[in-house]
Amino acid sequence: MRLNLGDIAPDFEAESTFGKIRFFDWLGTSWGLFFSHPEDYTPVCTTELGVVANLKQEFAERNVKTIGLSVDNLDAHKGWVKDIEEIIEGSVDFPIIVDEKKEIASLYGMIHSNEDANFTIRSVFIIGPDKKIKLILTYPMAVGRNFDEILRVIDALQLHENHKVVTPANWHQGDKVILDPNHSTGEQHQQTNYEEVKPYLRYIPQPKNQ
Ligand code: BEZ
């Protein structure tokens with residue numbers, strides 16, 4: 001069955017480069033970025049994991065824990081992590097799950113057989129502290145993900161959770177935000193200094209996140 005936004009993310013126990021992990025226990029009260037990649041020792045995946053490792057501080061500032069997954073085995077994961085650490089001259093401080101039997105990949109719908117029946121594609125799940133799925137992205141094998149966009153979405157999701165505002169097209173940190181028409185009460189809606197373009201399109205300055 002396909003996972004939808006707002007579903008509780010499936011919990012699981014799995015081996016990883018950081019030992020055995022019970023997903024929900026590992027997440028604790030943090031947000032989670034759970035992403036799959038097709039195969040170890042492949043070029044695009046190498047750049048992706050390197051970028052996530054280098055963004056460690058950005059994710060930590062947002063209270064987000066990151067965790068990867070592929071269907072390769074633990075030895076492959078460990079050897080490949082060494083390569084990535086050599087390339088980025090830094091450490092990969094997050095776990096990569098071993099899913100040789102494709103059980104977790106199946107739970108999360110990470111295998112798209114039209115792309116490849118044997119490997120996970122580039123799935124992204126952002127999971128809130130309530131363990132609900134806040135975002136699902138699916139990239140094909142051939143296209144590396146834009147993790148700046150993923151940080152942008154996390155910022156927008158957290159603004160929505162914390163302040164009941166929504167973000168316009170191409171929004172970036174510091175841009176104006178929109179009063180959420182589905183939440184007509186609350187702190188932001190008491191403001192009178194909004195900029196009204198239409199009664200349903202009211203901008204306010206971006207509240208401080210968190
Ligand atoms: C890669 O990560 O480079 C890759 C993986 C599978 C297919 C194509 C590229």
Side-chain angles (χ1 to χ4, degrees), residues 1-5 9-10 12-21 23 26-27 30-60 62 64-127 133-155 157:
M1 207 180 65
R2 188 171 68 101
L3 289 172
N4 288 306
L5 298 186
F12 56 81
E13 190 170 82
E15 196 55 69
S16 84
T17 47
F18 278 42
K20 200 160 254 174
I21 280 179
F23 189 43
W26 176 83
L27 277 172
S30 300
W31 288 69
L33 169 66
F34 182 28
F35 63 103
S36 59
H37 56 271
E39 207 180 349
D40 298 357
Y41 299 104
T42 50
V44 178
C45 300
T46 300
T47 62
E48 289 187 316
L49 269 80
V51 164
V52 174
N54 279 334
L55 289 173
K56 175 183 170 181
Q57 184 63 27
E58 297 290 332
F59 287 114
R62 292 162 175 83
V64 179
K65 286 185 167 180
T66 59
I67 187 162
L69 173 147
S70 84
V71 300
D72 288 306
N73 64 40
L74 187 58
D75 283 346
H77 280 5
K78 285 186 170 168
W80 183 46
V81 162
K82 277 193 192 142
D83 278 5
I84 298 168
E85 291 183 332
E86 184 189 317
I87 293 166
I88 66 170
E89 296 178 10
S91 54
V92 176
D93 286 332
F94 59 89
I96 304 173
I97 290 169
V98 176
D99 190 27
E100 286 180 281
K101 292 186 182 157
K102 306 186 181 87
E103 287 169 347
I104 302 160
S106 300
L107 272 179
Y108 278 82
M110 290 167 162
I111 293 180
H112 289 218
S113 51
N114 292 334
E115 277 282 295
D116 195 313
N118 295 315
F119 297 103
T120 41
I121 36 101
R122 301 182 201 282
S123 293
V124 178
F125 292 86
I126 295 175
I127 297 163
I133 298 172
K134 309 291 180 185
L135 176 113
I136 302 173
L137 280 172
T138 307
Y139 276 55
M141 300 271 192
V143 181
R145 284 159 284 202
N146 183 335
F147 288 93
D148 291 337
E149 165 61 5
I150 289 168
L151 286 170
R152 191 194 73 91
V153 176
I154 290 168
D155 285 342
L157 283 166

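Just so it is clear, the structure is predicted and the values come from calculations on it, not from any experiment. Remember, it's 1-based here, ligands and their atoms both numbered in the order they're listed. The figures that follow rest on heavy atoms only: side chains count, while hydrogens, waters and symmetry mates do not.
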Distance-only donor-acceptor check, side chains Trp80 and Thr46, under 3.5 Å: yes
Scan side-chain atoms only and decide if His77 and Asp72 contain a donor-acceptor pair under the 3.5 Å cut-off. no
Counting N and O atoms only, with roles assigned by atom type, does the side chain of Thr17 sit under 3.5 Å from a partner on the main chain of Ile96, one being a donor and the other an acceptor? yes
Within the structure, is a non-hydrogen atom of Arg122 found at a distance of less than 4.0 Å from ligand 1? yes
With a 4.0 Å cut-off on heavy atoms, is Ala142 in contact with ligand 1? no
Run the numbers for me: atoms of ligand 1, each under 4.0 Å from some heavy atom of Val44, listed by number. 1 (C), 2 (O), 3 (O)
Ranking Glu39, Met141, His37 by closest non-hydrogen atom to atom 6 (C) of ligand 1, top hit is Met141
Output yes when a side-chain donor or acceptor of Asp99 lies under 3.5 Å from a complementary backbone atom of Glu103, and no otherwise. yes
Under 3.5 Å between some N or O of ligand 1 and some N or O of Pro38? no
Would you say that Leu151 contacts Phe59 through its side chain, given a criterion of any heavy-atom pair below 4.5 Å between the two side chains? yes
